[in-house]
Amino acid sequence: QVQLVESGGGLVQAGGSLRLSCAASGRTFSSFAMAWFRQAPGKERELVAVISRNGGSTYYTDSVKGRFTVSRDNAKNTVYLQMNSLKLEDTAVYYCAGDVGSRGIYYTPRVEYEYDYWGQGTQVTVSS
């Protein structure tokens, strides 16, 4: 079965940077669109970024545009989230998720229930 494992979270000062990684098992990684979600205490889980199967297109929520970059290396079965200029409000548990494309490979899934596989999450804490 497909497993996703996040790493790279931790404590960082505001204005600093972190790079999250999500490693996938199996040989079907390139067939998945991949996303990063985050959830802060008392808030709904929100979409942060999406990357297409070949990495050719990306989507970002408005609050992270210009600061975060999602990328993938299909040869390594890994997706990344580079986070720069971190703010206090970026504090959350970050999750990676994969979509097998049940709704078509040209459909961009943007809500939780449209994703088929999930990692356990990694905590990102931004301090002042």
Side-chain angles (χ1 to χ4, degrees):
Q1 296 296 322
V2 174
Q3 291 184 306
L4 304 176
V5 181
E6 302 96 335
S7 62
L11 177 65
V12 64
Q13 291 185 325
S17 299
L18 282 176
R19 188 195 195 200
L20 305 183
S21 298
C22 175
S25 65
R27 301 181 65 184
T28 60
F29 179 72
S30 63
S31 70
F32 299 166
M34 297 295 296
W36 289 94
F37 286 78
R38 67 185 181 186
Q39 187 166 24
K43 295 185 178 181
E44 299 282 342
R45 187 173 297 185
E46 66 171 338
L47 179 67
V48 177
V50 183
I51 187 165
S52 62
R53 289 158 177 79
N54 65 0
S57 62
T58 57
Y59 166 87
Y60 300 93
T61 192
D62 287 345
S63 63
V64 308
K65 287 180 179 176
R67 300 189 298 119
F68 290 11
T69 303
V70 63
S71 61
R72 68 192 296 163
D73 186 340
N74 287 347
K76 296 181 179 179
N77 282 7
T78 302
V79 63
Y80 306 95
L81 185 68
Q82 178 67 46
M83 305 185 294
N84 298 327
S85 302
L86 283 161
K87 303 175 180 179
L88 293 178
E89 50 265 43
D90 294 319
T91 294
V93 177
Y94 284 71
Y95 301 89
C96 65
D99 169 52
V100 302
S102 297
R103 299 165 187 82
I105 62 173
Y106 299 109
Y107 176 81
T108 301
R110 298 185 181 184
V111 296
E112 296 174 63
Y113 65 82
E114 293 180 325
Y115 284 85
D116 302 291
Y117 300 100
W118 290 84
Q120 295 299 304
T122 185
Q123 177 71 49
V124 172
T125 302
V126 183
S127 64
S128 61

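Start at 1 with the first residue, then count along the sequence. Computed from a predicted model, the values in this text were never measured in an experiment.
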Note to self: Check whether Thr69 reaches the backbone of Gln82 with its side chain - one donor and one acceptor, N or O, closer than 3.5 Å.
What the structure shows: no
Notebook entry, point to check: Leu88 and Val126: which non-hydrogen atoms are nearest, and at how many Å?
Noted result: CD2-O, 3.1 Å
Notebook entry, point to check: Side chains of Glu6 and Trp36: closer than 4.5 Å at any heavy-atom pair?
Noted result: yes
Notebook entry, point to check: Linking I/L/V/M/F/W/Y whenever their side-chain heavy atoms sit closer than 4.5 Å, directly or via other members, would Tyr95 and Tyr59 fall into one cluster?
Noted result: yes
Margin query: I'd like to check the side chain to side chain donor-acceptor pair (under 3.5 Å) partners of Asp99; sequence neighbours left out, ordered by chain and number.
Written below: none
Margin query: For a 4.5 angstrom cut-off between non-hydrogen side-chain atoms, does Val2 reach Asp116?
Written below: no
Notebook entry, point to check: Can the positive tip of Arg72 be found less than 6.0 Å from the middle of the six-membered ring of Phe32, inside 45° of the ring normal?
Noted result: no
Next item on the list: Measure from the side-chain N and O atoms of Tyr115 to the backbone N and O of Pro109, and report whether any donor-acceptor pair falls under 3.5 Å.
Entry: yes
Note to self: Could you check whether atom CD of Gln123 has more than 12 heavy atoms from other residues, nucleotides or ligands sitting under 6.0 Å from it?
What the structure shows: yes
Notebook entry, point to check: Between OH of Tyr94 and CE of Met83, what distance do you get to the nearest 0.5 Å?
Noted result: 5.5 Å
Item checked: Shared hydrophobic cluster for Val12 and Val93 (ILVMFWY, side-chain gaps under 4.5 Å) -> no
Checklist line | hydrophobic_cluster_shared for Met34 and Tyr117, side chain cutoff 4.5 Å | finding: yes
Next item on the list: Give the minimum heavy-atom separation between Arg53 and Val100, together with the two atoms involved.
Entry: NH2-C, 3.6 Å
Notebook entry, point to check: Would you call Lys87 and Asp90 a salt bridge, using N to O less than 4.0 angstrom?
Noted result: no
Item checked: Same cluster (ILVMFWY, side-chain, under 4.5 Å), Val48 and Leu18 -> yes
Margin query: Quick check: closest heavy atoms across Phe37 and Val111, and the distance to 0.1 Å?
Written below: CZ-C, 4.1 Å
Check: How long is the gap from CG on Leu81 to OG1 on Thr122, to the nearest 0.5 Å?
Finding: 11.0 Å
Margin query: Membership question, hydrophobic clusters at under 4.5 Å side-chain separation (ILVMFWY): are Val79 and Val124 in the same one?
Written below: yes
Notebook entry, point to check: Does Ser52 reach the main-chain N or O of Ser57 with its side chain, forming a donor-acceptor pair under 3.5 Å?
Noted result: yes
Note to self: How close do Leu20 and Gly9 get, counting heavy atoms only, and between which atoms?
What the structure shows: CD2-N, 3.6 Å
Check: Is Thr125 close to Leu11 at the side-chain level, that is, under 4.5 Å between some pair of heavy atoms?
Finding: yes
Checklist line | Closest approach of Tyr60 to Ala49 (non-hydrogen atoms, all atoms of both residues) | finding: CD2-CB, 3.7 Å
Margin query: Are the side chains of Leu86 and Phe68 in contact, using a 4.5 Å heavy-atom criterion?
Written below: yes
Next item on the list: Would you indicate whether the side-chain heavy atoms of Val50 and Val70 approach each other to under 4.5 Å?
Entry: no
Next item on the list: Working to the nearest 0.5 Å, report the span between OG of Ser7 and CD of Gln120.
Entry: 13.5 Å
Margin query: Just so I know, are the side chains of Thr91 and Arg38 near enough to count as touching, which here means a heavy-atom distance under 4.5 Å?
Written below: no
Next item on the list: Mind listing the closest non-hydrogen atom pair of Cys22 and Leu4 along with its distance?
Entry: SG-CB, 3.9 Å
